[in-house]
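To keep things clear, I will list the structure first and then write my remarks on it.
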Amino acid sequence: MWWIIIIGIVVVLVIVLNNKKSESGNHSSYGNTASMENLFNDMYKDLSKSQREALLDLASMFATHIGASSGNMNAVNSIFVPYSHMLGFNKAETMKRWGNLSGFNPKNMVSVLKTIDDKGVMDMALYTCFSLVNINRDPTMVDLVGGIFNQLGYEDEEIISTVKKIQALGTMF
């Protein structure tokens, strides 16, 4: 199951980057030899450090809860760690933020997330959070993901369709 999530994340990244490539008209920076690392860096390169930290805090909030309540840290790691690396955080930075919710301010996190205007980035955050919640299917956590993304401007139908679309892309591989 975790490999479908990883493939889904990669597919969404490629789609988002291809859309950005088409919009910019600059095809030379996305040659056939571009590594996946470069693709990930390109997706998040325009985000500020505080925006990337807010995305990591959002995923960390769910990873911490789901990991503790499910006891399935391998599944949590298989989603959270690659996502943190895509955001540009190394292992030390990731471990420092993961589970360290002291001083965590959800209102501040949401206000920072509202400043991200890249729909692909936010769709990836939504899918990552739902993938984490899906590990143990905690209805409270599902509602929390929905509530946070409602605050970020997503309608319930859009949340469901975004997750289903990314899941469908993952099953194609």
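Fair warning: this is a prediction, and the values are worked out from it, not measured in the lab.
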If I take atom [atom1] from residue [X] and atom [atom2] from residue [Y], how far apart are they, to the nearest 0.5 angstrom?
X: Leu56; Y: His85; atom1: CG; atom2: NE2; answer: 10.0 Å
X: Phe62; Y: Asp57; atom1: CZ; atom2: CG; answer: 12.0 Å
X: Thr115; Y: Gln51; atom1: OG1; atom2: CD; answer: 4.0 Å

Could you walk me through whether Met61 and Leu144 satisfy the side chain to side chain contact (heavy atoms under 4.5 Å, CB included) test, starting with their C-alpha distance in whole Å, then the side-chain angles of each, then the deciding distance to 0.1 Å, before giving a yes or no?
CA-CA 11 Å; Met61 178 178 69; Leu144 183 57; 4.2 Å; yes
Between Glu158 and Lys119, does any side-chain N to carboxylate O distance fall below 4.0 Å?
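Looking at Glu158 and Lys119, the cut-off is met.
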Checking side-chain polar atoms at under 3.5 Å, does Asn72 have a donor or acceptor matched by the opposite partner on Asn136?
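Asn72 vs Asn136: no donor-acceptor pair found between side chains.
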Pair His65, Asp138: side-chain N/O donor-acceptor within cut-off below 3.5 Å:
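Asp138 and His65 do have a side-chain donor-acceptor pair below 3.5 Å.
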Does [X] share a hydrophobic cluster with [Y], counting links as ILVMFWY side-chain heavy atoms below 4.5 Å and allowing steps through other members?
X: Ile160; Y: Val142; result: no
X: Val133; Y: Tyr154; result: yes
X: Tyr83; Y: Met73; result: yes
X: Phe89; Y: Met109; result: yes
X: Val121; Y: Met124; result: yes

Are the side chains of [X] and [Y] in touch, meaning some heavy atoms are under 4.5 Å apart?
X: Thr94; Y: Phe80; value: yes
X: Val112; Y: Glu53; value: no
X: Tyr127; Y: Thr162; value: no

Minimum heavy-atom distance Thr128-Ala59, with the two atoms named:
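Where Thr128 meets Ala59 most closely, the heavy atoms are CG2-CB, 4.4 Å.
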Are the side chain of Asn134 and the backbone N or O of Arg137 linked by a donor-acceptor pair below 3.5 Å?
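No: the side chain of Asn134 does not pair with the backbone of Arg137.
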Axial cation check for Tyr44 ring with Arg52, 6.0 Å and 45° limits:
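No - Arg52 does not lie over the ring of Tyr44 by the 6.0 Å and 45° rule.
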Scan Ile79, Val163, Val76, Leu126 and name whichever one has a side chain to side chain contact (heavy atoms under 4.5 Å, CB included) with Ser131.
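Testing each of Ile79, Val163, Val76, Leu126 against Ser131, the sole residue satisfying side chain to side chain contact (heavy atoms under 4.5 Å, CB included) is Ile79.
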Yes or no on side chain to side chain contact (heavy atoms under 4.5 Å, CB included) for Ile116 and Leu55, after CA distance, side-chain angles and deciding distance?
CA-CA 10 Å; Ile116 299 173; Leu55 288 165; 3.9 Å; yes
With side chain to side chain contact (heavy atoms under 4.5 Å, CB included) as the criterion, how do Ile148 and Leu58 come out once you've worked through the C-alpha distance, each side chain's angles and the decisive distance to 0.1 Å?
CA-CA 9 Å; Ile148 289 171; Leu58 177 65; 3.9 Å; yes
In chain order, what residues pass the side-chain hydrogen bond (donor to acceptor under 3.5 Å, both in side chains) check against Ser50, with sequence neighbours excluded?
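Partners of Ser50 under the side-chain hydrogen bond (donor to acceptor under 3.5 Å, both in side chains) test: Ser48.
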